[in-house]
There are 2 protein chains.
Amino acid sequence: MARPSGSDAGVTGPRVRAAAERLFARHGYAAVSMRMIAAEVGIGAGALYHYTPDKQTLLAGLMREHLDDLLAAWGKADPGTDPVARLDAFARFHIRFHIDRPDAVFIAYMELRSLEPETFAGIEALRRRYETVPEGILRDGVAAGVMAVADVKLASMALIAMLTGVNTWYRDGGRLDRDAVEGIYADMARGMVGVERVST
Amino acid sequence: MARPSGSDAGVTGPRVRAAAERLFARHGYAAVSMRMIAAEVGIGAGALYHYTPDKQTLLAGLMREHLDDLLAAWGKADPGTDPVARLDAFARFHIRFHIDRPDAVFIAYMELRSLEPETFAGIEALRRRYETVPEGILRDGVAAGVMAVADVKLASMALIAMLTGVNTWYRDGGRLDRDAVEGIYADMARGMVGVERVST
DNA sequence: GTCTATACACTGATAGAC
DNA sequence: GTCTATCAGTGTATAGAC
């Protein structure tokens with residue numbers, strides 16, 4: 001039995017966030033109006049303010065949620081074994097997680113400038129925490145003598161940039177599937193940080 | 001002798017473009033008003049329309065100019081010798097060129113979505129042409145047997161993403177100077193595409 | 001070449017009816 | 001929980017004086 005109209009039982013909130021995510025990613029935060037978001041959801045603009053106190057909070061919420069998910073997901077995906085295996089896992093995890101959420105990724109990386117200072121600081125701290133993941137892996141790898149990098153911090157930034165770059169061109173149904181892409185990038189990641197090649 | 005006021009002899013046009021570049025990079029195209037640009041230059045908003053027919057054209061001009069400069073500069077920097085030397089030159093060139101123009105780079109990469117379709121196509125073609133540079137180098141390197149990549153196109157995209165990523169953290173006067181950064185990245189680039197290490 | 005004045009649409013956010 | 005109506009402010013772009 002269909003329930004009486006008006007009792008959507010908490011589905012509108014998520015729909016508002018989903019619409020905002022899509023539109024912010026597509027057009028940019030500043031270019032999206034609250035009326036556009038409301039129209040996408042199918043409600044009036046005034047009704048949006050039952051789900052967010054303002055536009056800025058809506059954006060910050062999307063970013064925080066994305067980064068929290070990212071950190072939590074790596075916590076589960078981290079094999080916690082030797083550095084080379086962790087590097088491989090990290091490369092594959094990062095690509096998989098990012099190509100599954102192109103909109104959230106784009107917003108989290110590009111709309112930092114749209115945040116007010118205090119909000120920015122909190123989000124930036126989460127980003128920074130994620131950057132320490134590859135740093136730890138590389139530091140361990142260098143210490144164990146199985147990796148060779150001139151600078152752990154630079155190599156970590158280079159690795160993240162390389163992996164995140166997949167989002168600029170990857171499309172489902174393209175020439176290579178996810179697994180192939182992950183494998184090729186994991187390979188390049190190993191070469192980048194000086195892991196000795198297995199087959200040469 | 002100072003010339004009579006009002007005869008700035010074509011300096012206002014460049015100042016308009018410079019102000020727009022700075023502001024678009026800082027706040028995003030959509031968040032910047034023509035009034036803000038005019039205020040930065042020190043003229044009224046109406047006077048801007050002597051230098052650009054509209055805001056969109058102003059943006060597209062900045063992007064086109066940046067990409068034209070990039071392609072021309074590589075044309076002069078390309079040593080045109082063996083693939084390994086060209087890879088090294090490309091990595092160093094790309095980093096140097098990009099960290100010297102952080103605003104233009106940010107705009108060219110991030111405001112593509114702010115362009116109307118026809119304008120977008122022209123800009124995108126220039127970007128695509130630049131991507132063929134590392135593709136050619138890697139193809140030659142693989143053919144010559146001095147590089148080993150699973151996929152030339154992916155490796156090119158990975159290389160560009162890695163190098164462009166320097167712009168997200170590099171600041172003049174930081175821990176490492178330009179030349180050191182270039183050297184470290186050129187090293188990682190070699191490892192990434194399977195060039196045999198000299199010192200091991 | 002720059003100014004002021006102006007057009008008219010749209011902005012984020014609020015108030016109060018239902 | 002959603003609606004309509006509304007606020008004060010700002011958006012791009014143009015017209016015409018100087």
Side-chain angles (χ1 to χ4, degrees), chain A residues 2-24 26-63 107 111 113-119, chain B residues 2-24 26-63 107 111 113-119:
Chain A
R3 285 195 281 172
S5 75
S7 75
D8 273 340
V11 307
T12 308
R15 289 188 60 217
V16 167
R17 284 191 291 280
E21 184 169 282
R22 234 179 56 85
L23 291 169
F24 288 163
R26 198 90 78 232
H27 308 290
Y29 173 76
V32 173
S33 70
M34 294 300 269
R35 284 170 174 82
M36 284 168 71
I37 298 170
E40 184 94 347
V41 178
I43 60 177
L48 281 182
Y49 291 85
H50 281 282
Y51 304 100
T52 178
D54 53 38
K55 193 184 173 190
Q56 169 88 195
T57 306
L58 183 54
L59 171 65
L62 292 173
M63 293 171 121
I107 293 169
E111 298 293 358
R113 64 186 173 188
S114 301
L115 296 173
E116 278 145 29
E118 321 85 57
T119 318
Chain B
R3 285 193 282 172
S5 75
S7 73
D8 273 342
V11 308
T12 307
R15 289 188 60 217
V16 166
R17 283 192 291 280
E21 183 169 283
R22 234 179 57 84
L23 291 169
F24 287 164
R26 198 92 75 233
H27 309 289
Y29 173 77
V32 173
S33 69
M34 294 300 267
R35 288 188 228 274
M36 284 167 72
I37 298 170
E40 184 95 346
V41 177
I43 60 177
L48 281 181
Y49 291 85
H50 282 281
Y51 303 100
T52 179
D54 52 38
K55 193 185 172 188
Q56 169 87 196
T57 306
L58 184 53
L59 172 65
L62 291 174
M63 292 171 124
I107 293 169
E111 297 293 357
R113 65 185 173 187
S114 301
L115 296 173
E116 277 145 30
E118 322 85 57
T119 318

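By convention in this document, chain letters (A, B, ...) are assigned in the order of the sequence lines, proteins followed by strands, and residues within each chain are numbered from 1.
Annotation: side chain of Thr52(A) is not in contact with side chain of Val16(A) (no heavy-atom distance under 4.5 Å). Between Arg113(B) and His27(A), every side-chain heavy-atom pair lies at or beyond the 4.5 Å cut-off.
One can place NZ of Lys55(B) at 5 Å from P of dT12(D), the figure rounded to the nearest angstrom. Rounded to whole Å, atom P of dA13(D) lies 5 Å from atom CG of Asp54(B). Atom C1' of nucleotide dT11(C) and atom NE2 of His27(A) are separated by 16 Å, given to the nearest angstrom. Counting to the nearest Å, the C1' atom of dT12(D) and the CG atom of Leu58(B) are 13 Å from each other. Atom OH of Tyr49(A) and atom C1' of dT4(D) are 15 Å apart (whole Å). dA9(C) atom C1' lies 15 Å from atom CE of Met36(A), rounded to whole Å. For the pair Gln56(B) CD and dA13(D) C1', the interatomic distance rounds to 15 Å; values are reported in whole Å. For Ile37(B) and dA13(D), the CD1 to C1' distance is 13 Å, given to the nearest whole Å.
When every heavy atom of Gly28(B) is checked against every heavy atom of Glu111(B), the shortest pair comes out as CA-OE2, 3.3 Å. Nearest heavy atom pair, residue Leu115(A) against residue Met63(A), reads CD1-SD, 3.6 Å.
Considering only side-chain atoms of Tyr51(A), the nucleotide from dC3(D), dA13(D), dG1(D) that sits closest is dG1(D).
Note on Val41(A): nothing from the nucleic acid sits closer than 4.0 angstrom, heavy atoms only.
The residue among Ala31(A) and Pro53(A) whose nearest nucleotide of DNA chain C lies closer to the 5′ end is Ala31(A).
Under 4.0 angstrom from either OP1 or OP2 of dG11(D) there lies at least one side-chain N or O belonging to Arg35(B). For dG11(D), the OP1/OP2 oxygens have a side-chain nitrogen or oxygen of Ser33(B) closer than 4.0 Å.
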